[in-house]
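Following: one structure in structure tokens, then a few remarks.
Both backbone and side-chain heavy atoms feed into the values below; hydrogens, waters and symmetry mates do not. Reminder, nothing fancy here: chain letters follow the sequence lines and each chain counts from 1. These numbers were taken from a predicted model, which means no experiment stands behind them.
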2 protein chains.
Amino acid sequence: MNQPKRYLDIVLDIRKMISQENIRPGDRIPSERELAETLNVGRSTIREALRSLELLGLIETRRGEGTFLSDHRNHRLVEVLSTFILQDDQSQKDVWETRMIHEISAILTVCGDAVSSQLPVWSGFSKRINERDFFPREDFVKEIMVLSGNRLSLKIWLLLAQYSGNPYKGHILLEETEMLENILAAIRRQDAEKAASGLKIWIAWLQKETGKDDDDS
Amino acid sequence: MNQPKRYLDIVLDIRKMISQENIRPGDRIPSERELAETLNVGRSTIREALRSLELLGLIETRRGEGTFLSDHRNHRLVEVLSTFILQDDQSQKDVWETRMIHEISAILTVCGDAVSSQLPVWSGFSKRINERDFFPREDFVKEIMVLSGNRLSLKIWLLLAQYSGNPYKGHILLEETEMLENILAAIRRQDAEKAASGLKIWIAWLQKETGKDDDDS
DNA sequence: TTTTGAAAGTGGTCTGACCACTCATAGTCC
DNA sequence: GGACTATGAGTGGTCAGACCACTTTCAAAA
């Protein structure tokens, strides 16, 4: 049997050290030379472990300064997942559906949360929609995703929104403000069902619209 | 500005090489020394890139034999990420919630699909649940995910299900068969609401159960 | 006081050297 | 001839030492 890889132990050692020394995101972790001496391994072995963690986005290295623990919430989970998930010919329909899964779920969550449904953001939204034409559609949905509070879901959504078939290109037109107002009103009175159906209606309308007309800024 | 990291280029070079040379999972990729010479970098740099790819589960190294393209199923990724990420309560909650988002959405889809709700798989399910004790909980949910027909959603779910906090460990006990039967019955009569709520009830029950009792095979 | 620059410390890279292991093969023994 | 053994080439695993490029610090010079 192959003996366990050294650098994997190092990964765990570093992990343990971080928790023991109470190193928080943004803090500096010991230098490579220090770690090598402390853990009794060569510097190259330390580096192999660190490079792996860096690729995952768990740490950040700055030449001349040191190695820093990055915010765990900014982990590259989604990016990494995407290399596994989206590399093969994933049908566009699945991407579309999955994005909607997250959107619907988010809007339901927002409706169930009395606080977020009353956030001042929304009043600003209504004003801006009525006054200006250059309000990006994507920002509207993104706001819902953010308010849902699930950062992982938000990241997945952002990733999916980059793929083809994203209906939220361009900015909000006058003709669609009514639909959006309905959605916002439903959210404010915490009417989850109406909010979700309103979102679906808007998306369906967008799908038709972008199919025949393509307006870019 | 820091110049871009060398080993990151190497990662891309290797990926390019893999696709150009049409290397398939299980095949051997050039040795570290070969790669170092070909790409005009030191062997240590090559190793840093390879170690990163290995941690991601993209390649597999066997001392004395070589480095092989992996079937990218054995993500070390999940273990490593989870030890770093999931100490954060919010992140763990996000993973949990996001997994449920996909589950609920899947069960709603399955209920809306007359065909999949009548698939023979389900009758077999009921029998097996009643006859045997060793029916893995995860398989039950997985079946729903598969039947939903969204392969992307399925993949995301599979990955999320590997993280800690997964309630579907172990096998189905006699006491929970009733809950599952209810879910199946709801699916058969395409009662989406009941099916979804049934699933939620089961998950809540599991959460309590695995909290106090831990049964392993 | 301000500016300069030298030194220390850091990550980035390369080299060369071992070690442990696998495998193919030439060689040996029966 | 067939089975076993030893050897060597090739591989990944690890280490030590040496530079380089960069950042920060701080004492010396203006």
Side-chain angles (χ1 to χ4, degrees), chain A residues 1-15 17-18 21 23-71 76, chain B residues 1-15 17-18 21 23-72 74 76 80 84:
Chain A
M1 187 53 148
N2 268 341
Q3 66 187 27
K5 319 265 172 168
R6 209 80 140 71
Y7 85 100
L8 275 180
D9 295 335
I10 303 298
V11 167
L12 296 181
D13 285 338
I14 293 176
R15 166 75 188 81
M17 174 177 300
I18 286 174
E21 312 252 339
I23 300 177
R24 321 188 121 272
D27 291 353
R28 198 171 149 278
I29 70 180
S31 73
E32 297 177 351
R33 290 169 177 87
E34 269 182 80
L35 286 173
E37 195 175 1
T38 305
L39 301 176
N40 267 309
V41 295
R43 193 182 152 211
S44 54
T45 303
I46 293 288
R47 281 186 61 80
E48 291 182 12
L50 290 180
R51 250 15 78 210
S52 302
L53 294 179
E54 187 185 24
L55 194 70
L56 290 181
L58 295 175
I59 60 173
E60 189 182 341
T61 57
R62 296 198 280 271
R63 175 189 288 186
E65 299 182 51
T67 305
F68 302 83
L69 194 60
S70 60
D71 191 338
R76 297 227 181 107
Chain B
M1 190 49 147
N2 269 342
Q3 67 186 26
K5 322 258 172 168
R6 212 79 135 69
Y7 87 100
L8 277 181
D9 296 335
I10 303 298
V11 167
L12 297 181
D13 285 339
I14 293 177
R15 282 197 66 154
M17 175 179 299
I18 287 174
E21 312 253 338
I23 300 178
R24 318 187 129 271
D27 290 353
R28 195 170 153 281
I29 70 179
S31 73
E32 299 177 349
R33 291 168 177 86
E34 269 182 80
L35 286 173
E37 194 175 2
T38 305
L39 301 176
N40 267 310
V41 294
R43 192 181 153 213
S44 55
T45 304
I46 293 288
R47 281 186 60 81
E48 291 182 12
L50 290 180
R51 249 16 76 211
S52 301
L53 293 178
E54 187 185 23
L55 196 69
L56 290 182
L58 292 174
I59 61 173
E60 187 182 343
T61 57
R62 294 198 281 272
R63 173 188 288 184
E65 299 182 52
T67 305
F68 301 83
L69 195 58
S70 168
D71 289 341
H72 65 276
N74 324 323
R76 272 232 152 45
V80 177
F84 276 83

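- For the pair L53(A) CG and dG11(C) P, the interatomic distance rounds to 14 Å; values are reported in whole Å.
- Using a 4.5 Å cut-off on side-chain heavy atoms (C-beta onward), P30(A) and E21(A) make no contact.
- Residues satisfying the side-chain hydrogen bond (donor to acceptor under 3.5 Å, both in side chains) criterion with E34(A), sequence neighbours excluded, are absent altogether.
- Of the side-chain N and O atoms in R62(B), none sit less than 4.0 angstrom from OP1 or OP2 of dC23(C).
- Atom C1' of nucleotide dG11(C) and atom CZ of F68(A) are separated by 11 Å, given to the nearest angstrom.
- With distances taken from any side-chain atom of E48(A) to the nucleotides dG13(D), dG11(C), dT14(D), the minimum falls on dT14(D).
- Atom CD1 of I10(B) is separated from atom P of dT13(C) by 9 Å (rounded to the nearest Å).
- Judged by distance alone, with hydrogens and angles left aside, the side-chain atoms of R28(B) form a donor-acceptor pair with the main-chain N or O of E65(B) at under 3.5 Å.
- Interatomic distance, CG of L58(B) versus CG of L50(B), reported as 11.0 Å (0.5 Å rounding).
- Between D27(A) atom CG and dT10(C) atom P the separation is 16 Å, expressed in whole Å.
- The stretch residues 34-43 of chain A comes close to DNA chain C through E34(A), R43(A), each having a heavy atom under 4.0 Å from the strand.
- What separates CD of E32(A) from C1' of dC22(D) is a distance of 14 Å, to the nearest Å.
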L55(A) and L55(B): CA distance, side-chain angles, deciding distance, side-chain contact (heavy atoms from CB on, under 4.5 Å) verdict: CA-CA 9 Å; L55(A) 194 70; L55(B) 196 69; over 6 Å; no

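- Rounded to a whole Å, the CD1 atom of I46(A) is 14 Å from the P atom of dT10(C).
- T45(A) has a side-chain polar atom (N or O) that falls below the 4.0 Å cut-off from OP1 or OP2 of dC15(D).
- Listed by first and then second residue, the side-chain hydrogen bond (donor to acceptor under 3.5 Å, both in side chains) pairs that reach into residues 36-48 of chain B are R47(A)-E48(B), E48(A)-R47(B), E32(B)-R43(B), E32(B)-R47(B), sequence neighbours excluded.
- Here the side chains of T67(A) and L53(A) are not in contact, with every heavy-atom distance at 4.5 Å or above.
- The shortest distance between the side-chain N/O atoms of S31(B) and the OP1/OP2 oxygens of dG10(D) is not below 4.0 Å.
- Across the protein-nucleic acid pair, E54(B) atom CD and dG13(D) atom C1' stand 11 Å apart, rounded to whole Å.
- Among the nucleotides dG12(D), dC19(D), dC15(D), the one closest to any side-chain atom of S44(A) is dC15(D).
- In this structure, CD of E60(A) is placed 16 Å from C1' of dG12(C), rounded to the nearest angstrom.
- Here the nucleotide nearest the side chain of E65(A), chosen from dA21(D), dC21(C), dT24(D), is dT24(D).
- In this structure, the side chains of I59(A) and I14(A) stay at 4.5 Å or more apart for every pair of heavy atoms.
- Between dT10(C), dG11(C), dG12(D), one nucleotide has an atom nearer to the side chain of R28(A) than all others, and that is dT10(C).
- Taking the C1' atoms of five terminal pairs at each end of the helix from dT1(C)-dA30(D) to dC30(C)-dG1(D), the two resulting helix axes are inclined by 20°, rounded to 10°.
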Full working for side-chain contact (heavy atoms from CB on, under 4.5 Å) between T61(B) and R51(B): CA-CA 9 Å; T61(B) 57; R51(B) 249 16 76 211; 3.4 Å; yes

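- One N or O donor and one acceptor, one from the side chain of R33(B) and one from the base of dG12(D), sit under 3.5 Å apart.
- Between M17(A) and L39(A), the closest heavy-atom pair is CE-CD2, 4.5 Å.
- A close approach under 4.0 Å does not occur between any side-chain nitrogen or oxygen of R63(A) and OP1 or OP2 of dT23(D).
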